[in-house]
Structures are given as C-alpha cells and as structure tokens.
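Below is one structure, written out as structure tokens; the observations come after it.
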Amino acid sequence: MPISQSVAGVSVAPLRDEGAPLTGAELVRANPYRPWPARITSITDLTATEKLFEFRFIDERIREAFRHEPGQFVELSLFGVGEAPISISSSPSKSGFIELCVRRAGTFTERLHQMQCGDIVGIRGPYGRPFPFDEMRGHDILLVAGGLGIAPLRSLINNIHDERSDFGKVTIIYGSKSPAEVMFRSQFEMWRHRKDFDLYLTVDNPDDTWDGEVGLVTKPFEHLEVDPGRTFGAVCGPPVMYRFVVEEMRKKGISYDHIYMSFERHMKCGMGKCGHCQIGHQYCCIDGPVFNYWEAKNIQGSM
C-alpha cells in the first residue's frame with residue numbers, strides 16, 4: 001500500500017506503486033489507439049475467398065483483460081500495411097483467443113490471407129454496441145444472415161449455444177449465392193442435427209449436391225412458425241436484404257423494438273473520430289453497429 005505523504009499540510013497519496021506492473025485493463029486505458037501484438041494461431045479455409053483466423057494476444061495481461069460481447073468488432077493492424085475493422089466471430093464465453101472471419105477483397109485482406117500461423121498482427125478494441133444478449137435471455141431467437149453477415153452473428157449464435165438453457169426456440173436462417181459460398185459448413189452440420197436448433201439454409205443458384213432451400217433468404221419465412229410475443233430477431237448481411245427481412249419478421253408479428261440489425265459500414269478509426277461510418281446523425285462504430293429497427297428507421301440512409 002503506498003504511504004501517504006504530507007505536502008504543505010495536505011495529505012497526498014501516490015496514484016499507484018511505481019514498482020507494480022500495470023494490469024491489462026490499465027495498459028489498454030493508457031492508450032486506446034495502441035494495437036496490441038497478437039499471434040495467428042489457426043487459419044481455416046471456409047470458401048475460396050473467406051478464411052477464419054484465430055488470434056492470441058502475446059501479452060498475457062492483455063489476453064486476460066480482453067472482453068467482448070456479440071456484435072462488437074476490433075481494429076486489425078498489419079504492420080506496414082494498414083488496419084481495418086473486423087467483426088468478432090467467436091463467442092464471449094470462450095476466453096484466451098478471438099476469431100475473425102475475413103473475406104479477401106483488397107490489398108489489406110490479400111496480405112492477411114497470405115500470412116501464416118505464427119505471424120504477428122496488431123489488435124485494438126473491442127468497439128461498438130453489441131446485441132442485447134442479456135435482454136434476449138428467456139426469449140425465442142430468430143437469426144437471419146446473408147453472405148458474410150454470418151460472421152458477426154456467429155458470435156451471438158455460439159454464445160447462445162454455450163448458454164442454451166437460458167433461451168427458448170432458436171432458429172437460424174442463412175442465405176448464400178451458391179453452395180460454394182456457404183461458410184462454416186461443419187458448424188451448420190452440427191446445428192442441423194441438434195434438436196434445440198432449427199436451421200434453414202438457402203442459395204440463389206443450387207448445384208446437383210444442394211439439398212437445402214432455393215431462393216432468397218426470405219424464402220424459409222413461408223413455413224416458419226414464430227411466437228411473436230416472445231421472439232427477438234437479429235439480422236446481418238447485405239444492406240439490400242434488411243428491408244425485406246424486417247418486412248417478413250413484421251408479418252410474423254415480431255415487434256419493431258425486438259428486431260436488431262448489425263450494419264456493416266466502411267468504418268475506419270473505430271472510435272467516432274474520422275467520420276467514415278457516419279449514417280445520418282450517428283456513427284456506426286460507436287452508436288452501432290447494432291441498432292434496433294426503431295433506431296435505424298429514423299437514421300437517414302441506413303436502409
């Protein structure tokens with residue numbers, strides 16, 4: 001315990017013991033802009049253009065202090081290349097590592113896809129407003145994802161999976177352009193065979209091997225049974241799908257304030273400073289990326 005010192009009759013105590021090491025939380029608070037070194041510990045090919053990366057912070061203090069909630073994102077740095085915001089795909093219930101699903105779509109992501117296990121990157125965060133996980137407890141959950149939108153919803157799905165007894169009926173709808181673009185196939189197979197998950201997969205352009213639905217992501221709503229009074233909806237995918245999915249949820253009677261959407265905008269700094277992700281009068285990186293329908297409805301250009 002630091003010993004108080006008297007200065008001009010006023011008792012003054014040092015802010016901290018200078019000899020004690022900083023905790024992980026203190027390190028992060030000291031400079032929120034600093035990316036912390038993390039090692040790539042696993043790389044999984046999902047499709048021809050998407051990979052799932054697992055990262056572990058090198059500093060054990062940062063690793064233990066890092067906490068996130070479903071729907072949040074981090075800023076991923078490739079030293080000498082740049083940084084980009086990426087949604088967290090792993091569940092908050094799993095500590096010690098984070099998973100990021102990344103599509104190869106430009107210089108930054110091309111360089112990341114060339115990296116190997118053992119390579120070092122920088123990570124800062126987490127940032128953003130998450131899905132209201134605690135508010136969702138005790139309710140049925142309807143999750144609808146299109147394309148890469150499954151990445152942030154996977155964090156929510158896996159968190160629900162790990163605390164399954166706290167939730168009612170869980171329905172997952174996932175749409176892709178083709179079977180070759182369906183991500184997380186092994187996990188979908190697991191969910192398909194569980195009696196406490198209802199899974200609907202649909203593609204626009206099937207091939208001879210496809211045995212799921214054919215059509216838009218709204219197709220499964222035609223035969224979906226929903227208890228509207230106790231259901232929360234969560235949506236993430238291409239902007240064009242939001243209006244149609246919300247319309248189908250409303251037809252099922254789900255209230256607007258129980259429909260949550262994760263918007264993927266071109267965020268940059270992650271801290272509301274640069275203005276790249278401004279939607280109307282709000283910043284996606286700090287006011288979102290998760291909004292409920294009532295909030296999004298009043299933001300010009302959100303849908």
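Here the structure is a predicted model, which means the values were calculated and not measured.
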CA sep, side-chain torsions, deciding dist, call: H258, Y256, side chain to side chain contact (heavy atoms under 4.5 Å, CB included):
CA-CA 5 Å; H258 278 197; Y256 282 130; over 6 Å; no
I'd like to know whether F263 forms a ring-ring contact (aromatic ring centres under 6.0 Å, His included) with Y242, so could you lay out the CA-CA distance, the side-chain angles of the two residues, the decisive distance to 0.1 Å, and finally the verdict.
CA-CA 9 Å; F263 289 132; Y242 287 93; 5.2 Å; yes
Criterion side chain to side chain contact (heavy atoms under 4.5 Å, CB included) on S186 and E189, from CA distance to verdict:
CA-CA 5 Å; S186 60; E189 282 301 313; 5.6 Å; no
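In the hydrophobic cluster analysis, where Ile, Leu, Val, Met, Phe, Trp and Tyr join through side-chain heavy atoms closer than 4.5 angstrom, Y293 is grouped together with V226. The cluster map of Ile, Leu, Val, Met, Phe, Trp and Tyr, joined by side-chain heavy atoms under 4.5 Å apart, puts F221 and V214 in different clusters. Linking ILVMFWY residues whenever their side-chain heavy atoms come closer than 4.5 Å, directly or via other members, leaves L52 and I98 in distinct clusters. One hydrophobic cluster, built from ILVMFWY side chains closer than 4.5 Å, cannot hold both L216 and M241; they sit in different ones. Cluster annotation: M261 and I172 are assigned to distinct hydrophobic clusters (Ile/Leu/Val/Met/Phe/Trp/Tyr, side-chain heavy-atom contacts under 4.5 Å, transitive).
The closest donor-acceptor contact from the side chain of T231 to the backbone of I141 lies at 3.5 Å or more, if one exists at all. At least one donor-acceptor pair closer than 3.5 Å links the side chain of E295 to the backbone N or O of N292. With hydrogens and angles ignored, the 3.5 Å screen pairs a side-chain donor or acceptor of Q72 with a backbone N or O of G128. Between the E248 side chain and the V245 main chain, no donor and acceptor come within less than 3.5 Å of each other. Proximity of a side-chain donor or acceptor of D140 to a complementary backbone N or O of K169 within less than 3.5 Å is detected. Listed for the R103 side chain is no donor-acceptor partner under 3.5 Å among the backbone atoms of T49. Side chain of S77 to backbone of F79: no donor-acceptor contact under 3.5 angstrom is found. H113 places a side-chain N or O within 3.5 Å of a backbone atom of V102 that can act as its donor or acceptor partner.
For P92, the side-chain contact (heavy atoms from CB on, under 4.5 Å) partners at least two apart in sequence or on another chain are H68, P70, S155, N159. Listed by chain and residue number, F167 satisfy the ring pair (Phe, Tyr, Trp, His ring centres under 6.0 Å) test with F133 (two or more places apart in sequence, or in another chain). Scored by the side-chain contact (heavy atoms from CB on, under 4.5 Å) test, D287 finds Q282, Y283, F291 as partners (sequence neighbours excluded). With sequence neighbours left out, A180 forms a side-chain contact (heavy atoms from CB on, under 4.5 Å) with S178. Under the salt bridge (charged side-chain N to carboxylate O under 4.0 Å, His left out) criterion, R104 pairs with E110, not counting sequence neighbours. Residues that satisfy the side-chain contact (heavy atoms from CB on, under 4.5 Å) test with D196, not counting sequence neighbours, are R164, R194. Residues passing the salt bridge (charged side-chain N to carboxylate O under 4.0 Å, His left out) test with D162, sequence neighbours excluded: K94. Take H223 and apply the ring pair (Phe, Tyr, Trp, His ring centres under 6.0 Å) test, not counting sequence neighbours, and it matches Y200.
One finds no salt bridge joining R250 and E247 here, because no Lys/Arg side-chain nitrogen approaches an Asp/Glu carboxylate oxygen to under 4.0 Å.
Looking at every heavy atom in both residues, P238 comes nearest to G146 through CD-O, 3.5 Å. Across M136 and L156, no two heavy atoms sit closer than the pair SD-CD1, 4.3 Å. The two residues S176 and E181 make their nearest non-hydrogen contact at OG-O, 3.6 Å. The shortest non-hydrogen separation linking M183 to C101 is SD-SG, 3.9 Å. Closest approach of I88 to P126, counting heavy atoms only: CD1-CB, 4.2 Å. The minimum heavy-atom distance linking K252 with L224 is given by the pair NZ-O, 2.8 Å.
Interatomic distance, CE of M190 versus CG of L199, reported as 10.0 Å (0.5 Å rounding). Note: E64 CD to T23 OG1 = 10.5 Å, rounded to the nearest 0.5 Å. For the atom pair OG1 of T218 and CZ of R243, the computed distance is 11.5 Å after rounding to the nearest 0.5 Å. In this structure, R230 CZ and D227 CG are separated by 6.0 Å, a value rounded to the nearest 0.5 Å. Going from atom CG of L78 over to atom CD1 of I120 covers 12.0 Å, rounded to the nearest 0.5 Å. Atoms CZ and CG, on F184 and L153 in that order, are 10.5 Å from each other to the nearest 0.5 Å.
When side chains are defined from C-beta on, I150 counts as touching F188, because their heavy atoms get closer than 4.5 Å. Here the side chains of F131 and S262 are in contact, with some heavy-atom distance below 4.5 Å. Inter-residue side-chain proximity for V235 and Y260 is flagged as unmet; no heavy-atom pair is nearer than 4.5 Å. Looking at heavy atoms from C-beta onward, V121 lies in side-chain contact with F55 at the 4.5 angstrom threshold. Side-chain atoms of D198 and V170, non-hydrogen and from C-beta on, never get closer than 4.5 Å to each other. Side-chain atoms of Y174 and V144, non-hydrogen and from C-beta on, never get closer than 4.5 Å to each other. Between F232 and D257, the closest side-chain pair of non-hydrogen atoms is not below 4.5 Å. A heavy-atom distance below 4.5 Å is not found between the side chains of I173 and L143.
No more than 12 heavy atoms of other residues, nucleotides or ligands sit less than 6.0 Å from atom CD of E225. Surrounding CD of E163 are more than 12 heavy atoms belonging to other residues, nucleotides or ligands, all under 6.0 Å away.
You'll find the ring centres of F57 and F97 outside the 6.0 Å limit.
The list of ring-ring contact (aromatic ring centres under 6.0 Å, His included) pairs with a residue in residues 27-49, not counting sequence neighbours, is empty. Applying the salt bridge (charged side-chain N to carboxylate O under 4.0 Å, His left out) definition to pairs two or more places apart or across chains, those involving residues 200-219 are K219-E222. Sorted by first and then second residue, the salt bridge (charged side-chain N to carboxylate O under 4.0 Å, His left out) pairs involving residues 70-88 (not counting sequence neighbours) are E83-R124.
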Identify all side-chain donor-acceptor contacts of residues 37-45 below 3.5 Å with residues at least two apart in sequence or on another chain.
from	atom 1	to	atom 2	distance (Å)
T41	OG1	E54	O	3.3
T41	OG1	E54	OE2	2.5

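Under the 30°/60° scheme for interplanar angles, the aromatic rings of F73 and Y127 are found to be tilted.
Judged purely by distance below 3.5 Å, without hydrogens or angles, the side chains of R154 and Q187 pair a donor atom with an acceptor atom.
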